[in-house]
Amino acid sequence: MCGTCGAHGSEAGTPTDDGTRIVVVGKGGVGKSTLTALLARTMARTGARVLAIDADEQRNLGATLGVGLSMLSGVVPLASQADYIEEKTGARPGEGAGGMLRLNPDTSDLVSRLSIPAPDGVRLVVMGGVQRAGGGCLCPEHALLAASISGMCLRRGEVVVMDTHAGVEHFGRALARGFDTALVVVEPTFNATQVGMETARLAYELGIGDIHLVVNRSRGPDDVERVLEIVDRLGGFDFSCTWVLPFDESVPATEPSIGGLLDGSPLADAVGDLSRQLAALAALRRHQANTLAVTA
Ligand SMILES: Nc1ncnc2c1ncn2[C@@H]1O[C@H](COP(=O)(O)OP(=O)(O)O)[C@@H](O)[C@H]1O
Ligand SMILES: [Mg+2]
């Protein structure tokens, strides 16, 4: 039963609603926030209703999306919203695992109450992080974050795209219930590829269906070959697709916001292709789910 609409959604595996949920993972510094922000604004410009979630404790996504620094300085992350957490879970942050903790709170008002506006109509929720929460953590903050990401039911044309810290393990199975697509971002180095492989395997173990490899900051075919060779050396992985995002000289001049890249840059053009393909894959998934529903 879905925590948001109360009508549909599944206990495990791919969600059964019509939206798309994308989680962006990989080593620190490889370009996760840049890709998340570019995808969010690109999809919003093509008519999708986009919710961007910043689940990295460093909280860079707002500035990368182009939200003003004065607005961002007033944002209290979800993990620190003591009153909201108590209202939803029955316990305040820091109270630990009380006997009355609600593990599946109704977070359907999360976006209307706690999101802030970002350019192009994107909404942003800043989650913050729970220190070393672990997959089985029963603290109120974690219960709320897990319920928030697993309980969102979406309609067609709605997209959730979530920027993360390096790993996704602290979301545990909540992530599998909530997300259908993982973008594993690497740059052409051994360390980044190794971390990417670890997060890809974790995403697979959590049951995320579509796991894509994104080679960022590529300076040409040699960089891509290098990454693929490292992937093989580390035991291989059955990625749904491999995407290549070029090293883009225009990025430093526009940062922290990606806004200046959107109207014509090699990086934004490549993300535009990725975004169109993700939309096509989401449509295919819906079609397959509907076909299965009809034949069942
Ligand atoms: N394709 C690219 N070309 C040039 N610079 C990039 C590219 N992608 C990201 N960057 C830059 O690399 C740095 C790290 O990117 P960021 O998105 O913050 O990484 P992460 O979120 O994974 O830590 C930022 O300064 C960003 O502007
Ligand atoms: Mg980041």
Side-chain angles (χ1 to χ4, degrees), residues 22-43 51-67 69 72 75 77-79 118-119 122 124-129 145 149 160-171 181-200 202-203 211-224 226-227 242-275:
I22 302 163
V23 59
V24 182
V25 297
K27 188 176 183 297
V30 293
K32 295 182 298 296
S33 301
T34 305
L35 173 59
T36 307
L38 278 167
L39 261 186
R41 287 190 57 181
T42 303
M43 288 176 151
L51 174 65
I53 299 179
D54 190 352
D56 182 348
E57 292 96 277
Q58 291 180 341
R59 292 193 249 150
N60 291 325
L61 185 60
T64 313
L65 279 165
V67 178
L69 295 181
L72 285 174
V75 170
L78 183 56
V122 173
L124 170 67
V125 168
V126 179
M127 282 209 167
L145 296 189
I149 60 172
V160 173
V161 54
M162 182 163 93
D163 186 19
T164 64
H165 188 60
V168 290
E169 56 278 13
H170 48 296
F171 290 113
T181 304
L183 301 181
V184 177
V185 187
V186 302
E187 58 184 358
T189 65
F190 181 86
N191 288 346
T193 308
Q194 185 177 35
V195 173
M197 291 282 284
E198 282 164 15
T199 46
L202 189 61
I211 303 174
H212 301 251
L213 178 66
V214 180
V215 181
N216 188 27
R217 281 204 282 262
S218 166
R219 292 178 187 270
D222 287 355
D223 278 346
V224 183
R226 177 168 160 67
V227 168
T242 297
W243 302 93
V244 180
L245 303 180
F247 182 89
D248 191 330
E249 306 280 357
S250 55
V251 171
T254 66
E255 70 115 35
S257 167
I258 50 82
L261 300 173
L262 284 168
D263 290 320
S265 68
L267 181 54
D269 291 349
V271 173
D273 289 342
L274 170 56
S275 144

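When a ligand or atom number is given, it counts from 1 through the structure's own listing order. When a residue number appears, it is its place in the shown sequence, counting from 1. Please read these numbers as outputs of a predicted model, since none were measured by experiment.
Residue Arg226 comes nearest to Pro188 through the heavy atom pair NE-O, 3.4 Å, listed as atom of the first residue, atom of the second, then distance. Of all the heavy atoms in Leu245 and Ala270, the pair that sits closest is CD2-CB, 3.6 Å. Nearest heavy-atom pair across Leu261 and Ser250 is CD2-OG, 3.6 Å.
Within the protein, the number of N/O/S atoms found under 2.8 Å from the Mg ion (ligand 2) is 1.
In this structure, of Ser265, Gly26, Gly31, the residue bringing a heavy atom nearest to atom 19 (O) of ligand 1 is Gly31.
Heavy-atom distances between Leu245 and ligand 1 stay at or above 4.0 Å for every pair. Residue contacts with ligand 1 include Asn216, since one of its heavy atoms falls under 4.0 Å from the ligand. The closest approach between a heavy atom of Pro246 and any atom of ligand 1 is below 4.0 Å.
Considering backbone and side-chain N/O atoms, Asp163 never comes within less than 3.5 Å of an N/O atom of ligand 1.
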Worked check of side-chain contact (heavy atoms from CB on, under 4.5 Å) between Leu65 and Thr36: CA-CA 8 Å; Leu65 279 165; Thr36 307; over 6 Å; no
Ile211/Val184 under side-chain contact (heavy atoms from CB on, under 4.5 Å): CA gap, chis, key distance, verdict: CA-CA 7 Å; Ile211 303 174; Val184 177; 3.8 Å; yes
Candidate pair Asn216 and Leu35, rule side-chain contact (heavy atoms from CB on, under 4.5 Å), full reasoning: CA-CA 9 Å; Asn216 188 27; Leu35 173 59; over 6 Å; no
Worked check of side-chain contact (heavy atoms from CB on, under 4.5 Å) between Leu262 and Leu38: CA-CA 8 Å; Leu262 284 168; Leu38 278 167; 3.8 Å; yes
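Contact annotation: the side chain of Ile258 never approaches that of Leu267 to less than 4.5 Å [non-hydrogen atoms, C-beta and beyond]. The shortest side-chain heavy-atom distance between Val161 and Met43 does not fall under the 4.5 Å cut-off.
Using a 4.0 Å cut-off to heavy atoms of Leu267, the atoms of ligand 1 that qualify are 1 (N), 2 (C). Distances below 4.0 Å separate heavy atoms of Asp248 from the following atoms of ligand 1: 2 (C), 3 (N), 4 (C). Distances below 4.0 Å separate heavy atoms of Glu255 from the following atoms of ligand 1: 25 (O). Annotation for ligand 1: atoms under 4.0 Å from non-hydrogen atoms of Lys27 are 22 (O). Residue contact check: Val251 has heavy atoms under 4.0 Å from atoms 3 (N), 4 (C), 5 (N), 6 (C), 27 (O) of ligand 1. Short contacts between ligand 1 and Lys32, defined as distances under 4.0 Å to a heavy atom of the residue, involve ligand atoms 17 (O), 19 (O), 20 (P), 21 (O), 22 (O), 23 (O).
Within the 4.0 Å heavy-atom criterion, neither part of Gln58 lies near ligand 1.
Judged by distance alone, the side chain of Thr199 and the main-chain N or O of Val195 form a donor-acceptor pair under 3.5 Å. When atom types are taken as modelled, the side chain of Lys32 and the backbone of Lys27 share a donor-acceptor pair closer than 3.5 angstrom.
Looking only at heavy atoms of the protein, atom 26 (C) of ligand 1 is closest to Thr34 OG1, 3.7 Å. From the protein, the heavy atom lying nearest to atom 10 (N) of ligand 1 is Arg217 NH1, 3.3 Å. Residue, atom and distance of the protein heavy atom nearest to atom 23 (O) of ligand 1 are Gly29 N, 2.7 Å.
Checked options Leu61, Val25, Val23; the residue passing with Asp163 is Leu61 (criterion: side chain to side chain contact (heavy atoms under 4.5 Å, CB included)).
Interatomic distance, Asp269 CG to Thr42 OG1, rounded to the nearest 0.5 Å: 9.5 Å. Annotation: the span from Leu39 atom CG to Leu183 atom CG amounts to 6.5 Å, rounded to 0.5 Å.
In this structure, atom 13 (C) of ligand 1 has a protein heavy-atom contact shorter than 4.0 Å.
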